[in-house]
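A short write-up of the structure that comes next.
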Amino acid sequence: MATRILPSHPSALPRTHDPNNNGSGCSRSNNLPVRRKAEDHPVLALLDDHRRLDADGIRRIHARMLRLGLLGHPYSASRLLAACSLSPSADLRYARRVFDHIPAPNLFTWNIIIRAHASAPDPRLALLLFSSLLRHSPHSPDKFTFPFAIKAAAELAALREGAALHAMVAKSPLLRSDVFVLNSLVHLYAACGDSNLSLRVFEKIPERDVVSWNSAITALAQGGRWDEALQLFEEMDGENVRPNDVTMVSVASVCGKKGDLELGKRIHSYIERNDIKQSLILDNALLDMFVKCGSLADAESLFDGMTTKDSISWTTMLVGYAKSGQFDAARRVFDEMPRRDIASWNALISCYEQSGRPKEALDLFHESQHADATPDQVTLVAALSACSQSGALELGCWIHAYMEKNNLELNFHLTTSLIDMYSKCGDVDKALHVFGCVSRRDVFVWSAMIAGLAMHGRGREALDLFEQMQEAKVEPNTVTFTNILCACSHAGLVEEGRLYFSQMLPVYGISPTADHYSCMVDILGRAGRLEEARGYVENMPMPPGASAWGALLGACAVHKNVELGELACKQLLELEPRNHGAYVILSNLYARSGRWDAVAMLRKWMKDSSLKKEAGCSSIEVHGVVHEFLVGDISHPMKEKIYLQLEDMASRLKAAGYVPNRKLVLQDIEDDAKEKALYLHSEKLAIAFGLLRSCSPAPIRITKNLRVCDDCHSVAKLVSGIYNRNIILRDRYRFHHFTGGSCSCMDYW
DNA sequence: AACTCTTGAG
């Protein structure tokens, strides 16, 4: 590869012309007047307007220049080169051939070809060209060459190469004080994620221009140092540098990230008062700022007044509506926009997925396929995440196969999403397979795999993986520890949990957060060490949150400790007065302890306070389509068959001695008004549908948004035995693998 | 003969 893209050594090329002959000698064999210089030839004027030239136009001029013998002349040849590499529709392979045939390229020529590749899809070529300039040409790179080469390094976020270029610059007094070169370096370090280095270069620039300031402000903005970025913007004034439209783009973007509408409006009026040149990019940045600050009204009025709009403008509005829950309006924008690119699709798909509407996200993903929108990595990450949420394993597998078929590169993000999808869709072995196939893993990939093993109750393996992660020298982060503690909790590994928790700060330098404390409460509580768990809650360095009290309440429910349970529930309700789940668990605790009076009282109280609960919903995927069921759902096209199947289930279960557990009807409260609704719980509808539409040995995979109730859990166990079908049920907290009449959670969840 | 900084989806 490297040899193929290197230019031929100039001396290896046939020398048709003597470069020392300064050009005029080449006109011997054609009909140019002898005295005319090559750089004056009228055909060159045709090259002046890059923008209006298309590929054909360039080819024609190229042919004429060949006939005229103009290409042997470095000046005229580079005019052609500039035209074909810098036009908007540049064909760089063509430019490269032109370059390779220029007998003795001068420095200008080298600079043009490096520049063209620096902002092309593969900037590595620019760096390779730069190195062949050093090795194969008599010229040394100058103050024009470096900005292009540094830009290429910035595009690649190639810190090592960038620093090497910086070192070369530092050796030359002329280069190291050149504002263009230094501005490029400010940008380079920012692009490599090092805003400190970036600022250090900025501070050493002798005469900073507006681009210097813009680069530094952007460096701070991208490094998340928003207030410092704004401070720098204020300081420009003091140094008498006038902000321009590019400055304001960065400032607006910072403002959006801070979500500060007050400031946003001040910025907007600053732009108008100071006659900042308006541009499409600036308008888009302002639109985005208003959307991020939550002011759709400001965004709308700006959008309506814009004379030119591109797909970024439209997509920004779309996101504004979708993020505020106005999906109909978002869809309208999507349908109205003149041109949709893949980012527009991604925006809508991601918004659905992030608002907990995975079915809509996947419907839209299917639609994008039919619309011939080629999915990119962002699309696939969003679609995989929607699959994870709804348990759509088949579709997830299809996406995985699609990636392999199209040789899509697995980046860390996609790898993490795939592992997460397989784990959450119940196929943790497939997740392990993906994990084993990738050669490079970052902390998120490792953490996702640990989480996958944890949610399937395979705690030992999760801890083994953590040890391997450290051997691989990947630093764990706060999420890793949440997953490790979660693994300990689901597998009952009390001592291990205690050990890792105690090591967090001293060994790994990670302060335990409220989440980690809650995990410890869960670990100790599940194991029946309620007093110790209570001690953790009471001695947290931060005020205990709902998750800590919730974990304690759950443990009390399992171990039937009414007194402590009531205390935990009271605390929990003080933090979240409308937490429906808290009442459900407390009533569960009362029921298990035989306190039916208290159960009845709670139920009445809940009815009176008209607490709305999250609707229980189970989804099941059959042949790549996700079907959702609510309690007593009659909206499914196959409802008659489903209800017949339910009756069949009921009679066969009854024959096996099953008695519906009416007393626990409050537990999951899919419908607290009708006790008989018990057997219409969404899980049961989904199981019935699964029995109808799929065949052994394929397991029936169901995903439930709430914790599975006692009754559904017993039914699933019985069905797995009576119908000889494996059922894999994911509830809000973990997986249940039902086989031959029993469950992998050992009835402890 | 020319260069450096900017906007939407994750």
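Convention: sequence-line order gives letters A, B, ...; per-chain numbering from 1. The shown structure was predicted, so the numbers you read here are calculated from the model rather than taken from an experiment.
For A/Q377 and B/dA9, the shortest distance from a side-chain N or O to OP1 or OP2 is not below 4.0 Å. Within the 4.0 Å cut-off from OP1 or OP2 of B/dC5, at least one side-chain nitrogen or oxygen of A/K151 is found.
Checked against the 6.0 Å centroid threshold, A/H413 and A/F444 do not count as a close aromatic pair. Aromatic rings of A/F148 and A/F180 (six-membered ring for Trp) have centroids beyond the 6.0 Å cut-off, not under it. If you look at A/W213 and A/F233, their ring centroids are not closer than 6.0 Å. A/F303 has its ring centre less than 6.0 Å from the ring centre of A/W314. A/F327 has its ring centre no less than 6.0 Å from the ring centre of A/Y321.
Within residues 187-208 of chain A, the residues that have a heavy atom under 4.0 Å from DNA chain B are, in order of number, A/H187. Within a heavy-atom distance below 4.0 Å of DNA chain B, the residues of residues 173-183 of chain A found are A/F180, A/N183.
A/E234 and A/R266 are not joined by a salt bridge, as no carboxylate oxygen comes within less than 4.0 angstrom of a charged side-chain nitrogen. Ion pair A/R332/A/D328 not flagged as a salt bridge, since none of the NZ, NE, NH1 or NH2 atoms sits closer than 4.0 Å to an Asp/Glu carboxylate oxygen.
In this structure the side chain of A/L380 never reaches within 4.5 angstrom of the side chain of A/S417, judged on heavy atoms.
If you measure from atom CG of A/N214 to atom P of B/dT4, you get 14 Å, rounded to the nearest angstrom. Rounded to an integer number of Å, the gap from CG of A/D341 to C1' of B/dA9 is 9 Å.
Nearest to the side-chain atoms of A/S350 among the listed nucleotides B/dT6, B/dA9, B/dG8 stands B/dA9.
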